[in-house]
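All remarks here apply to the structure that follows.
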Amino acid sequence: MRIGELARQTGTTARALRHYEQAGLISSERASNGYRVYDEQAPVRVRNIRHLLAAGLTLDDVSVFLPCLDGDVAAAPPSDKGLRVALRRLAVLDERIAAQTEARDRLRAALQQKTGVVRTHTAPAPGEETGVRISPTAAPGE
């Protein structure tokens, strides 16, 4: 099947498929006209790649799962190596979230100190265009 058909079947883009191919996660042959041609197992492989990416793994992380990508990754029992990769990725995500939370808290504190106003982002209320709420705070000593 050609790249456009594979993209349609898997809900992705031709660009993403070329990226997966460059990363060594999928492969294709070239037709006489130069078009990429994928085998019948490619849709399963691409869906598994997308499943793992949606879970928070990177393309490098997904490469560990190469031997499993042609099966049912979601239903298969995890391998020790796969678990190690997932736990490492989780730790990285936790570190990034902690760093972003600290940065947000420092910025919020600086804004409050300089303006006496705290802005928090919340889901927009019905009829509001944004989710930014401005709450005046009591000045020090009040």
Side-chain angles (χ1 to χ4, degrees), residues 1-140:
M1 94 182 52
R2 292 194 355 209
I3 196 167
E5 177 61 23
L6 180 58
R8 277 188 293 284
Q9 280 190 25
T10 58
T12 191
T13 63
R15 183 173 185 226
L17 294 172
R18 288 189 295 272
H19 191 63
Y20 300 163
E21 191 168 347
Q22 185 178 15
L25 299 175
I26 62 174
S27 61
S28 66
E29 299 293 326
R30 292 290 181 152
S32 60
N33 59 7
Y35 291 169
R36 287 177 166 88
V37 178
Y38 296 91
D39 66 24
E40 68 280 347
Q41 195 60 33
V44 171
R45 182 171 278 251
V46 171
R47 284 188 197 98
N48 281 324
I49 292 167
R50 290 177 51 82
H51 172 77
L52 293 168
L53 292 173
L57 300 179
T58 66
L59 285 179
D60 285 340
D61 296 335
V62 171
S63 67
V64 169
F65 296 88
L66 272 174
C68 310
L69 290 179
D70 292 327
D72 187 352
V73 168
S79 68
D80 288 342
K81 190 173 184 181
L83 283 174
R84 284 193 304 274
V85 166
L87 289 170
R88 270 197 319 267
R89 181 58 45 207
L90 182 60
V92 167
L93 291 172
D94 285 342
E95 289 171 11
R96 288 179 183 168
I97 290 168
Q100 290 295 305
T101 299
E102 289 173 13
R104 182 204 58 210
D105 292 347
R106 286 190 304 272
L107 181 58
R108 180 179 286 142
L111 284 169
Q112 184 174 358
Q113 181 182 15
K114 296 293 183 186
T115 67
V117 173
V118 177
R119 290 175 179 234
T120 58
H121 187 77
T122 61
E128 282 188 340
E129 290 184 27
T130 68
V132 176
R133 302 222 191 278
I134 301 173
S135 306
T137 59

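Throughout, residue positions are numbered sequentially from 1 according to the sequence presented.
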## Note on the structure
To the nearest 0.5 Å, atom CG of Leu69 lies from atom CG of Leu52 at 6.5 Å

List, one per line, each side-chain donor-acceptor pair under 3.5 Å for residues 6-13, sequence neighbours excluded.
| from | atom 1 | to | atom 2 | distance (Å) |
| --- | --- | --- | --- | --- |
| Arg8 | NH1 | Gly4 | O | 3.4 |
| Arg8 | NH2 | Glu5 | OE1 | 3.4 |
| Gln9 | NE2 | Glu5 | OE2 | 3.0 |
| Thr10 | OG1 | Leu6 | O | 2.7 |
| Thr12 | OG1 | Arg50 | NH1 | 3.3 |
| Thr13 | OG1 | Ala16 | N | 3.0 |

### Task
Hey, could you give me each pair passing side-chain hydrogen bond (donor to acceptor under 3.5 Å, both in side chains) that has a residue in residues 66-81? Not counting sequence neighbours.
Arg45-Asp70

### Residue pairs passing the side-chain hydrogen bond (donor to acceptor under 3.5 Å, both in side chains) test where at least one lies in residues 88-106, sequence neighbours excluded
Asp61-Arg89

### Query
Residues in side-chain contact (heavy atoms from CB on, under 4.5 Å) with Ala55, at least two apart?
none

#### Entry: Within 6.0 Å of CZ in Arg30, more than 12 heavy atoms from elsewhere
yes

### Distance in Å, Asp60 CG paired with Leu25 CG, rounded so as to fall on 0.5 Å steps
9.0 Å

### Message
So, taking the atom named CZ in Arg2 and the one named OH in Tyr38, what distance separates them when rounded to the nearest 0.5 Å?
### Response
12.0 Å

### Message
Within this structure, what is the OG-CD1 distance for the pair Ser28 and Ile3, rounded to the nearest 0.5 Å?
### Response
7.5 Å

### Query
Would you call Tyr20 and Leu59 a side-chain contact if the rule is heavy atoms closer than 4.5 Å?
yes

#### Entry: Nearest heavy-atom neighbours spanning His51 and Ala74
NE2-CB, 3.8 Å

### Query
Hey, does Asn48 have a side-chain heavy atom less than 4.5 Å from the side chain of Phe65?
no

#### Entry: Residues in salt bridge (charged side-chain N to carboxylate O under 4.0 Å, His left out) contact with Arg47, at least two apart in sequence or another chain
none

### Query
Which heavy atom in Pro43 sits nearest to a heavy atom in Met1, and how many Å separate them?
CG-CE, 3.7 Å

### Task
Specify the closest pair of heavy atoms between Val37 and Ala31, including all atoms of both residues, with the distance to one decimal.
CG2-CB, 3.8 Å

### Task
Only counting residues at least two apart or in another chain, list the ones meeting side-chain contact (heavy atoms from CB on, under 4.5 Å) with Ala76.
none

